[in-house]
Amino acid sequence: MTMAPEKITLLENKRILLGVTGSIAAYKTVDLASKLNQAGALVDVIMTEAAQQFVTPLAFQSVTGRAVYTDLWQPASAGNGLPTHIAHVGLGEGADLLVIAPATAHTLAKLAQGLADNLLTVTALAARCPLMIAPAMDGGMYMHPATQANLQTLQGRGVLLVEPEEGRFASGLVGKGRLPETPTLIGHVRRALGGTGRLAGRRVVVTAGGTAEALDPVRYITNRSSGKQGYALAQAALDAGATVTLITSAQHLPAPTGAHIVPVDSARSLRDAVLHAVQGADVLLMAAAVADFRPAQVAEQKIKKQDNDTGITLELTRNPDILLDVKAQRTTDGWPRVVVGFAAESENLLANARDKLQRKGLDLMVANDISAADAGFSVDTNRVTVLDVQGGQQPLELMSKTRVSELIIERVAALLTDQTETS
Ligand code: C5P
């Protein structure tokens, strides 16, 4: 048996109204509704008549376990916990977010004009929650000045736009107008719901992945870091409302929606990116596994073996300690306000971690026992202890890297609040 999908704390028990209009991309939003439901959200779907030509209400009802609304004159079902009087008012009132995906050119035009001719457009007028639209249509329709003007009008009113992607349409034509895939749509939903979180208005820099130190044009020395903990931290910071810069060597992982990605490879490129990004930043979460040494020389050409070679000797030289450089910079300009380090150790975990906390001038150190198979590199779970400057020690049980990240973000938010109150 496989594990049930993990709930997303930010989405749990959030009431999301999903408006589906008549584009072929409607089939994709059955998956969106399903994934939102699995993440813990309460998803109420409103379909236009045209949407029902592509997908049936039953498909949405099956994945959300909730009644689907199609008719302006249909009373809301008591089963959804909504008032049973006029559906559009009840639906709009209780919602945390109204997402229209896919949004056709026609529905966009109606929304821009404030027309109210079906349950969805009436609900959009009645709702007091934020409105997010994800247009999906043929490239020509999307780029038409009428559609673009309607989008501008809507954005001017604060409507959140999920830009369509470039690609191939059902018609065979290529252009801009494709509905993004579910993970991207969920990323935008998270952004919309997290905007008022504890890190709203804060700038957070996260590093992720292991560094790669070149030997020659073909080979490099690296380590087992997968980047998963760093990406989970970036997502948790985004969910808390922060502006996030993710400096990463793990570019194969899906980028969290809304993060500014800075690709790096070697420790030195990571250091340059970090020292630049932390200027004016509130927080640095240094989850990257930085190589302490690199080859002293990088061969210009591929290193060749000779028939009589029995081995070669590599000379390594020290890499800069990035956190020490950050510490020095921080003493002159005060940024970042909070610095969190990560210590992966195979022995004397807590003593080594505390020593690094002090030496590197950190506010928190996350100590990670890599000797256990279910914690540390590559896996989705971790078992860590969070150390602080006061000598505090918070051991966390085995949990997902997502949950570890949320708890670290809570500690960071508390430190920032303390600083604001005492300054
Ligand atoms: O000293 P150690 O490598 O064990 O410390 C781990 C912490 O220091 C991590 O947060 C890592 O990202 C950071 N580090 C660094 N520069 C290095 C090595 C590690 O900033 N050269």
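Keep in mind it's a predicted model, so treat the numbers as computed, not measured. The basis for the numbers below is simple: all heavy atoms, side chains too, and nothing from hydrogens, waters or symmetry mates. Both counts, for ligands and for their atoms, begin at 1 and track the order of listing.
Contacts of ligand 1 (protein heavy-atom distance under 4.0 Å) are M286, A288, V290, D292, P320, D321, I322, L323, G341, F342, K356, K360.
Comment: R337 does not engage D363 in a salt bridge, judged by the lack of any side-chain N to carboxylate O separation of less than 4.0 angstrom. Using a cut-off of 4.0 Å between Lys/Arg side-chain N and Asp/Glu carboxylate O, D216 and R219 are scored as salt-bridged. Salt-bridge check for K356 with E345: passed, with a basic side-chain N closer than 4.0 Å to an acidic carboxylate O.
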Report, one line per pair, each donor and acceptor closer than 3.5 Å where one atom sits in a side chain of residues 299-307; sequence neighbours left out.
none

Which pairs of donor and acceptor atoms, one on a side chain in residues 271-293, lie under 3.5 Å apart (sequence neighbours left out)?
from, atom 1, to, atom 2, distance (Å)
Q279, NE2, L275, O, 3.2
D282, OD1, R202, NH1, 3.4
D282, OD2, R203, N, 2.8

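Residues passing the side chain to side chain donor-acceptor pair (under 3.5 Å) test with S34, sequence neighbours excluded: Q38.
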